[in-house]
Amino acid sequence: MARLIKAVTPWLALWLLVLAAGSAWAAPASAPLVSQPQRIQRLSDQINASPADPALYLRRALIYADLGEFKRALVDIDKAAQFGPPEETYLVRGMVLYRLGQFSQALPWLNRYLDRHPKHAGALHYRARLLREQHQPEAALRDYQRYLAEVAQPSPGDVLVTAQLMVLLADQGHKQYPRAKAVAFLDERIQKFSTHQSADQAGTQSGNAAELVRYALEIEEQSCHSQAVLQRLHSLPASSRQAVAWHLQVAEQHLLLQQAPAAQTALTTAQQVLQQHRPSPARAEQAARYAVLQGVLASKTLPQDRSLPALQAFYRCWRR
Amino acid sequence: MTLLRSVPVAVVVGLGVLLSACGSSSVASVVDTVAGQVPAPLNNVAKCAGTEVNPQRLFLQQVGPDRAIVKWRGNKATGGAEASVLCFGTDRNALPLSSQKSATVTATNHREVLLTGLTPDTVYYYSVGGAGSALETRAFRTAPLPGSLPQDGNVRMWIIGDSGTAGSSLDASGANAKSVRDGYTTWANRNGNEAIDLLLMLGDSAYLDGTDAQFQSAVFDTYPDILSRTGLWPTIGNHEMGSSGVSTTTSTALYLPGTGGVGDTLPNSPMPYLNIHTLPTMGESGGEPSNTEQYYSFNHGNVHIVSLDSQVAMRDSANNEAMKRWLINDLAANQNDWTVVMFHHPPYTKGSHDSDSTSGGINQPIFIAREQYTKIFEDNGVDLVYSGHAHLYERSFYIKGHTGLEATFSAQQHAEIDPSGTPLTGRGAQSYQQISPQSGMDDKVIYTVMGSSGQATTTSNGYPHNAMAYSEVVLGSVVLDATRRTLTARFLNNKGEVMDDFVIRR
């Protein structure tokens, strides 16, 4: 993956190998641990030998942050700023403050850093997360999009959150972000994921970006696009198509399209698959869903009790 | 160590291509392309004629019913060239020339050969370098078909966690990890010597930083005879991030190459763990495609195994959400007899890490796992969860619904209990039923911390955790056996003695 980053300032790379993250949390000092203190000790020894090396302070700062010792981390960042260019400590300071949950203090440091290095993937990713946490979806989306432009092989979660932000903005009435844009974005990414090239593996693997397909499907489902939902359901990998939930979803869409025979077929298969599984809470929920759909098929009306969470989209789209 | 099952002479593969090949170095062999057919003599097949190479590291990835990856690097012979080809077959003494495959070279200079079209539950021999016969240790058995059992009726998993002390300042000689390995061998030799089908590594496989060099000493130099015969399936620990890495990086794409001789460069950048392993991303070995090597699942016969990323993905809410969605869908599609999940940070522990600790950084995934994942496991038929991180062995009762701190655990409320209200231990007459008699559903899980395969260290206030049926600070490993009707786990100390065991029945 190293080769996947397009633009890396060499001096920064030295310092910023380590891009600590994590949800924001309160941070009392952690209990002594066995192996992390050895890393601290090793860096402390190196610092004793080279007390003016800013990179060593930054590394130790990040390990302190990892241990929840944020005060010590910030002291080390100050030291790094004292012995090297202060501007090269901006990102680490921003990250540590982010991890402390001090979002508003962290943001200016990340901004300053990105002013100098606008294509730095790590900084973009950090600021995107921060802005999302701060409920600034449009700004977060811009940073996620810039981040995705810088990395050839993002994680599925980063693609998913980008699409989710698009949908959120669409739901908030931002006309420049119609839901169709999120679907088109997902389709583009599904295509990229379907031929996967790992940086440190030989060969190319082909497959299915199942979770992205599922999210595209969800968006279509919320818009009551039953034909599109069905198409996407059938594009899921074979293993997914064996699941009870898949057959139930197929049945729902056929019911919405008033295709009773196809709905019955899907429900029959769902029941058969259910019977092959051992009972579990998830199966019990699916059995309840099956029973509701079978009832709708028989009566052509929705039940009085419409509380089952998994069927909310179905209820909303019924006879719409 | 003799880890391979004895192989019936007639159980050899049918590579159709073998039949058509011919050459000067002919051998007699047998072939049995389809179960039940009478083996026919195979004459005049050209053997590979290369030279065996003893790589510095050699390991197997994604060993499935019809595929496997052989991966290696280096040559132990001083000045020796790296092997660029591999030959394989089912007759150890006659690897056919037609099987020869060229290795592709990865960015970190590993050689990798993907073998496809293999026959399920069959022993294959291979030669790195393309010799005509294989060394005794160069062989593996393909997985049975999904849902099926291997010929001996049992899938055996060897599970080690936090094993990576060998060669580090924690254990320069590697005596600890080697004693755990040898403890397993001692036990296996006394108990039928059944081969290991899967090696599961629970993270922190190479201290202190999981660098490429540390992987060499802690993994490849410590378990060479196991790794050349057994598929390796790891999960990411908090020490798997490289010498400049800190354990809470959110995305592996953020690991950048170092310059100036101080920061990480290849092979340690962007992340040694991912550089070294070739893990399924597209459901290559069963399970749902995850589209990332950080978390994945696979089937081995009647066992479904999931490896979650509690170190990187779990710490980023967006990636954590994606992993949860994937997990739920993966488990929903799973119909295997048994389901095992592994990840590094244990939801419940009172070892060298404390699952009641409020320290944010290093232990945050403990809380995420307990509060966000345990219900997914319970709802979707997971039987066992294995973690490391804390350097001891802890094994819970058969539990559900416990998402709080230790003080909120109640055996009556959370554990499988006997009529008197005492939690069942899972041992002997107190074995567990997969479908709980109490609820009539498969809704309980056993959580095990197996973090003492390289060091056994300390405990936290409140040890032992109330959810645990057994806890002990001693070096060891776990052997897990899955048959059609029973799932049996044994904790072995480094002398090969069984310290804890339990059975789930179905």
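Quick caveat: nothing in here was measured; it's all calculated off a predicted structure.
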Checklist entry - When rounded to the nearest 0.5 angstrom, what distance separates CG in A:Leu160 from CG in B:Asn319? => result 9.0 Å
Please classify the contact of [X] with chain A as side chain, backbone, both or neither, using a heavy-atom distance under 4.5 Å.
X: B:Asp330; value: neither
X: B:Asp337; value: backbone
X: B:Ser290; value: backbone

Checklist entry - Is a side-chain N or O of A:Ser280 found less than 3.5 angstrom from the main chain of B:Asp379, in a donor-acceptor match? => result yes
Check [X] against [Y] and note the closest heavy-atom contact, atom names and distance.
X: B:Glu288; Y: A:Ser239; value: OE2-OG, 2.8 Å
X: B:Met441; Y: A:Ala284; value: SD-CB, 4.3 Å
X: B:Arg315; Y: A:Arg129; value: O-NH2, 3.5 Å
X: B:Asn336; Y: A:Arg278; value: O-NH1, 3.1 Å
X: A:Pro279; Y: B:Gly440; value: CG-O, 3.5 Å
X: A:Ala243; Y: B:Ala332; value: CB-O, 3.8 Å

Checklist outcome for this item: If one checks every heavy atom of A:Tyr144 against chain B at 4.5 Å, the contacting part turns out to be side chain
Item to check | Under 4.5 Å from any heavy atom of chain B - which part of A:Ala210 | outcome: both
Highest number of heavy-atom pairs under 4.5 Å with chain B: which of [options]?
options: A:Glu285, A:Gln286, A:Glu218; answer: A:Glu218
options: A:Arg241, A:Gln164, A:Gln242, A:Arg283; answer: A:Arg283
options: A:Pro156, A:Pro281, A:Gly157; answer: A:Pro281

Is the shortest side-chain heavy-atom distance between [X] and [Y] below 4.5 Å?
X: B:Gln335; Y: A:Val273; answer: yes
X: A:Val161; Y: B:Glu321; answer: no
X: B:Tyr295; Y: A:Ser155; answer: no
X: B:Thr292; Y: A:Gln153; answer: no
X: B:Pro289; Y: A:Pro237; answer: yes

Among [options], which residue has the highest count of heavy-atom pairs closer than 4.5 Å to chain A?
options: B:Leu331, B:Thr165, B:Asp443, B:Asn329; answer: B:Asn329
options: B:Ala322, B:Ala318, B:Ala333; answer: B:Ala318
options: B:Gln434, B:Arg506, B:Glu378; answer: B:Gln434

Checklist entry - Do the charged groups of A:Glu211 and B:Lys324 touch, with an N to O distance under 4.0 Å? => result no
Next on the checklist: Any salt bridge linking A:Arg42 with B:Asp209? Criterion: basic side-chain nitrogen under 4.0 Å from a carboxylate oxygen.
Outcome noted: yes
Item to check | Verdict with reasoning, B:Gln364 to A:Arg99, per side-chain contact (heavy atoms from CB on, under 4.5 Å) | outcome: CA-CA 11 Å; B:Gln364 188 64 12; A:Arg99 295 181 63 194; over 6 Å; no
Item to check | Intermediate values then yes/no, side-chain contact (heavy atoms from CB on, under 4.5 Å), A:His125 and B:Asp316 | outcome: CA-CA 11 Å; A:His125 192 267; B:Asp316 172 353; 3.3 Å; yes
